[in-house]
Protein chains: 2
Amino acid sequence: MTAIKESSTIQENKQYALEKCPVTFVMEKIGGYWKPIILYHLSTGDKRYSELKRAIPAVTEKMLIQHLKQLEADGLVIREAKPVVPPFVTYRLSNAGTGLLPVIDAMASWAFKMKDGVYNI
Amino acid sequence: MTAIKESSTIQENKQYALEKCPVTFVMEKIGGYWKPIILYHLSTGDKRYSELKRAIPAVTEKMLIQHLKQLEADGLVIREAKPVVPPFVTYRLSNAGTGLLPVIDAMASWAFKMKDGVYNI
DNA sequence: CATAATACATACTTTAGGGTAAGTACTTGT
DNA sequence: ACAAGTACTTACCCTAAAGTATGTATTATG
């Protein structure tokens, strides 16, 4: 899963930022290109892997599972696989993932205010 | 300011995500390693360049001005330079930058809940 | 005369993340 | 016999962002 070099300055700084800054902690979790979009699609209910794929046509399969795996490892989404063939796998938000929704809302609200020029005085 | 290649898939996808996803829009603005930390330090009042530098020892000068310039270009911080020698430059949050504070708060709140294990059920 | 302090700038290198393309295992339908 | 659908995996490439190192202009101060 994309090996990282143990002793780069960039990793040390990430550590620094993760400890010093809760915002960086959050961004570590939802900072991938597709993660917010995935979370958004899961916010309306659980989805199969292939449903997500169809819902986000621009994402490649590699990116999709990679991010899903990371979200799962971070405890934001829960994967459930039925042992059938063809496979039947669903993803849904965990409690932690659901807890992120207010953050997402705050971000969206700011973004729309920006686009509406609310802050131009 | 770090020239970007016009026609890479990564840029196309960024465009897609920026239009489709307000969260990605926000992350474009505050997604650098040091941007949240800079914003945090400015949230308590305006600061000189050298004050920021001392407040965030781990950041290099290149990263610091690079992010400050981007934040300024995005309208989140305001730069004020007094025409004296040695230079006297202060940075402070704009209205838009101040508008981000609730987002920051929501993120921080979630991060602390995560660390306190609130979501472990 | 040389050093310090301020607020940057700029050339070059490294790395994490994103993207491409192709393959896997298993079953059902034609 | 072969394609199609499911949910992935793996090897390789490319780029944007981060980091390193050094240089700039101006004035005050020892």
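As a basis for the values below, the full set of heavy atoms in this structure was taken, side chains included, without hydrogen atoms, waters or symmetry mates. Below, chains carry the letters A, B, ... as their sequence lines are ordered, and counting in each starts from 1.
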Polar atom pairs between nucleotides 1-6 of chain C and protein, under 3.5 Å, N or O only, would you list them?
unit_1	atom_1	unit_2	atom_2	d
dT6(C)	O3'	R48(B)	NH2	2.9
dT6(C)	O3'	P87(B)	O	2.9

(request) Give a yes/no answer on whether the side chain of R79(B) brings an N or O atom under 4.0 Å of OP1 or OP2 in dC8(C). (result) yes
(message) Distance check needed: dA16(C) P versus M27(A) CE, whole Å only.
(response) 18 Å
(message) Any base atoms under 4.0 Å from I10(A), or only sugar-phosphate, or nothing? Heavy atoms, all strands.
(response) sugar-phosphate
(request) Whole angstrom is fine here: how far is it from CG in L52(A) over to P in dA7(D)? (result) 10 Å
(request) For L68(A) and dT6(D), give me the distance from atom CG to atom C1', rounded to whole Å. (result) 15 Å
(request) Give the angle between the helix axes at the two ends of the helix from dC1(C)-dG30(D) to dT30(C)-dA1(D), taking five base pairs at each end and rounding to 10°. (result) 30°
(request) Indicate if I65(A) and V89(A) have the same hydrophobic cluster label, given that clusters are the connected sets of ILVMFWY residues with side-chain heavy-atom separations under 4.5 angstrom. (result) yes
(request) Run through V77(A), T90(A), L42(A) and flag the one making a side chain to side chain contact (heavy atoms under 4.5 Å, CB included) with K47(A). (result) L42(A)
(request) Return the nearest nucleotide to the side chain of H67(B); candidates are dA18(D), dA7(C), dA16(C). (result) dA18(D)
(message) Nearest whole Å is fine: how far is dT14(C) C1' from M63(B) CE?
(response) 12 Å
(message) With no hydrogens and no angle check, just 3.5 Å: does a side-chain donor-acceptor pair link E61(A) and Y49(A)?
(response) yes
(message) Among dT15(C), dC8(D), dG18(C), which nucleotide has an atom closest to any side-chain atom of K69(A)?
(response) dC8(D)
(message) Distance check needed: dG19(D) C1' versus L64(B) CG, whole Å only.
(response) 14 Å
(message) Around atom NZ of K115(B), are there more than 12 heavy atoms from other residues, nucleotides or ligands closer than 6.0 Å?
(response) yes
(message) Counting only heavy atoms not in F25(A) (residues, nucleotides, ligands), do more than 12 fall under 6.0 Å from its CZ?
(response) yes
(request) Carefully, step by step, assess W110(B) and L100(A) under the rule side chain to side chain contact (heavy atoms under 4.5 Å, CB included). (result) CA-CA 7 Å; W110(B) 182 81; L100(A) 262 176; 3.5 Å; yes
(message) Are M27(A) and Y33(B) connected into the same hydrophobic cluster when the rule is that any two of I, L, V, M, F, W, Y join if their side-chain heavy atoms are below 4.5 Å apart?
(response) yes
(request) In whole angstrom, give the distance that lies between atom CD of E61(A) and atom P of dT6(D). (result) 10 Å
(message) Using the rule that Ile, Leu, Val, Met, Phe, Trp and Tyr join whenever any side-chain heavy atoms are under 4.5 Å apart, tell me whether L101(B) and Y119(A) fall into a single cluster.
(response) yes
(request) To the nearest 0.5 angstrom, please state how far the CG atom of L71(B) sits from the CG atom of L93(B). (result) 9.0 Å
(request) Provide, to the nearest angstrom, the distance between the CD atom belonging to Q66(A) and the C1' atom belonging to dT9(D). (result) 11 Å
(message) Between W34(B) and L68(B) (side chain of the first, backbone of the second, donor and acceptor by atom type, cut-off under 3.5 Å), is there such a pair?
(response) no
(message) If you only use heavy atoms from C-beta on, which nucleotide in dG19(D), dA11(D), dC8(D) is closest to the side chain of T60(B)?
(response) dG19(D)
(message) If the cut-off is 4.0 Å, is S8(A) near the phosphate of dA16(C), judged by side-chain N/O to OP1 or OP2?
(response) yes
(request) Give a yes/no on whether any side-chain N or O of Y91(A) is located under 4.0 angstrom from OP1 or OP2 of dC8(D). (result) yes
(request) Whole angstrom is fine here: how far is it from OH in Y33(B) over to P in dT15(C)? (result) 12 Å
